[in-house]
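Ligands are counted one by one from 1 in listed order, and the atoms in each one are counted from 1 as well. Positions are given from 1, in the same order as the sequence printed here. These numbers come from the heavy atoms of this one structure, side chains and all, not from hydrogens, waters or symmetry mates.
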Amino acid sequence: MVIVFFGPPGSGKGTQSQELGKTIKDLIHVSTGDLLRQEIASASELGHRLKSKIEAGEFVTDDIIVQLVSGILRKNVKKDIIFDGFPRTLQQAIAFDTLLGVENLKVDVVFDFDIDVHVVIERVTGRYMCLGCGAVYHKKNKKPKVDSVCDQCGGIRFVERKDDSVDVLETRLKIYQEETLPVKKYYGDKGVLKRIDASLSPDEVTCFIKTALLEAGLIRRGE
Ligand code: ADP
């Protein structure tokens, strides 16, 4: 099963990927943003080149992204996969269909995380993550249960993403409108798009996604 989580920054795609991973066995979560941040952290030459682009909120080129995804897909053809943050341009969506076609696969469902831009700004500008495990928190809405200790791994070091500042977020939202929104029409025309009210609570969104997957016969009851 191939699922795409589509939506602006801060719409909850990462959170929902983690939640679904807890219930659907062996589900692979592919976040192109996480992969790129790992590349930067590895201090590779490629990571070095990507760093300034990402911190400025700009897109990485389609070639690099498609190559990254292609490698992952080849290793996981038999697995259930969520793509979070990919495809993000029409060219990526078309290249993705070609890659999937080679493996006799297709995009089964695209969840469109629909959310007001004001909510996005509020969510993104207050968020930070655990350096140990990547768990995401928010200064106002989602603090760890014990102050400054990660709920998931007990880590005590946290970091804010440079691209979560208000200025950079504005750039990201503008690029989202211009480059990414056409992808929504592409999947709408294929009849695989499912809208989610992403302003609902995380639990409600998870419940919606699971129900939709169940109704589409993509997961079984109990998963
Ligand atoms: P968000 O969805 O909150 O914008 P991500 O963690 O998914 O954040 O991505 C962070 C950054 O990584 C993006 O702003 C962009 O620079 C780069 N990136 C991630 N995925 C893609 C993609 N599919 N195409 C181009 N650039 C990407």
Side-chain angles (χ1 to χ4, degrees), residues 2-18 29-42 44 46-73 81-100 107 110-115 117 119-131 133-138 142 159-184 186-187 196 198 202 205:
V2 177
I3 304 173
V4 170
F5 278 177
F6 178 91
S11 56
K13 305 182 299 286
T15 305
Q16 291 305 323
S17 302
Q18 284 180 0
H29 171 212
V30 179
S31 154
T32 40
D34 285 350
L35 292 172
L36 296 169
R37 280 184 288 276
Q38 280 162 22
E39 194 65 46
I40 294 171
S42 76
S44 68
L46 173 64
H48 188 71
R49 274 193 283 135
L50 300 178
K51 190 169 187 283
S52 54
K53 250 191 178 334
I54 292 178
E55 287 183 353
E58 290 163 17
F59 278 0
V60 168
T61 59
D62 291 334
D63 290 1
I64 293 177
I65 297 288
V66 171
Q67 220 178 331
L68 211 61
V69 169
S70 159
I72 291 189
L73 197 61
I81 314 183
I82 295 183
F83 287 91
D84 155 9
F86 173 88
R88 223 178 261 227
T89 64
L90 209 46
Q91 287 76 8
Q92 289 178 19
I94 293 165
F96 190 33
D97 276 346
T98 308
L99 292 176
L100 290 171
V107 172
V110 178
F111 287 104
D112 168 26
F113 286 60
D114 194 10
I115 193 157
V117 69
V119 183
V120 161
I121 294 168
E122 150 85 17
R123 282 187 187 177
V124 171
T125 51
R127 76 179 170 184
Y128 59 98
M129 62 183 178
C130 170
L131 262 180
C133 70
V136 179
Y137 297 97
H138 189 279
K142 195 183 173 230
V159 67
E160 283 178 40
R161 277 170 48 179
K162 280 218 173 87
D163 60 343
D164 276 351
S165 69
V166 180
D167 288 357
V168 178
L169 179 61
E170 267 177 23
T171 306
R172 286 159 71 198
L173 288 172
K174 185 167 173 284
I175 298 178
Y176 177 79
Q177 293 277 340
E178 292 169 2
E179 304 270 334
T180 310
L181 276 184
V183 176
K184 183 162 146 177
Y186 180 80
Y187 286 124
I196 295 179
V205 175

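- Within the model, atoms NZ of Lys142 and CZ of Arg127 stand 11.5 Å from one another, a figure rounded to the nearest 0.5 Å.
- With Lys13 contributing its side chain and Gly7 its backbone, the two residues share a donor-acceptor pair below 3.5 Å.
- Distance from atom 18 (N) of ligand 1 to its nearest protein heavy atom, with residue and atom name: Leu36 CD1, 3.4 Å.
- Residue Gly85 approaches ligand 1 through these ligand atoms, each under 4.0 Å from one of its heavy atoms: 20 (N), 21 (C), 22 (C), 23 (N).
- At least one heavy atom of Arg37 sits less than 4.0 Å from an atom of ligand 1.
- Using cut-offs of 30° and 60° on the angle between ring planes, the pair Phe6 and Tyr176 is tilted.
- Per-residue contacts place Arg127 under 4.0 angstrom from the following atoms of ligand 1 (heavy atoms of the residue considered): 3 (O).
- The protein heavy-atom contact nearest to atom 20 (N) of ligand 1 is Thr32 OG1, 2.8 Å.
- Within 6.0 Å of atom CD in Gln67, 12 or fewer heavy atoms from other residues, nucleotides or ligands are found, so the atom counts as exposed in its surroundings.
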Derivation of the side chain to side chain donor-acceptor pair (under 3.5 Å) call for Glu179 and Thr89: CA-CA 5 Å; Glu179 304 270 334; Thr89 64; 5.7 Å; no
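- If you check which protein heavy atom lies closest to atom 4 (O) of ligand 1, you get Arg172 NH2, 2.9 Å.
- Under the 4.5 Å side-chain criterion, counting only non-hydrogen atoms from C-beta, Leu36 is in contact with Leu68.
- Counting only heavy atoms of the protein, atom 15 (C) of ligand 1 lies nearest to Glu58 O, 3.6 Å.
- The structure places CD1 of Ile82 at 10.5 Å from CD of Gln18, a figure rounded to the nearest 0.5 Å.
- Neither the backbone nor the side chain of Glu179 has a heavy atom within less than 4.0 Å of ligand 1.
- Nearest-heavy-atom check against atom 5 (P) of ligand 1 across Glu55, Gln92, Arg88 picks out Arg88.
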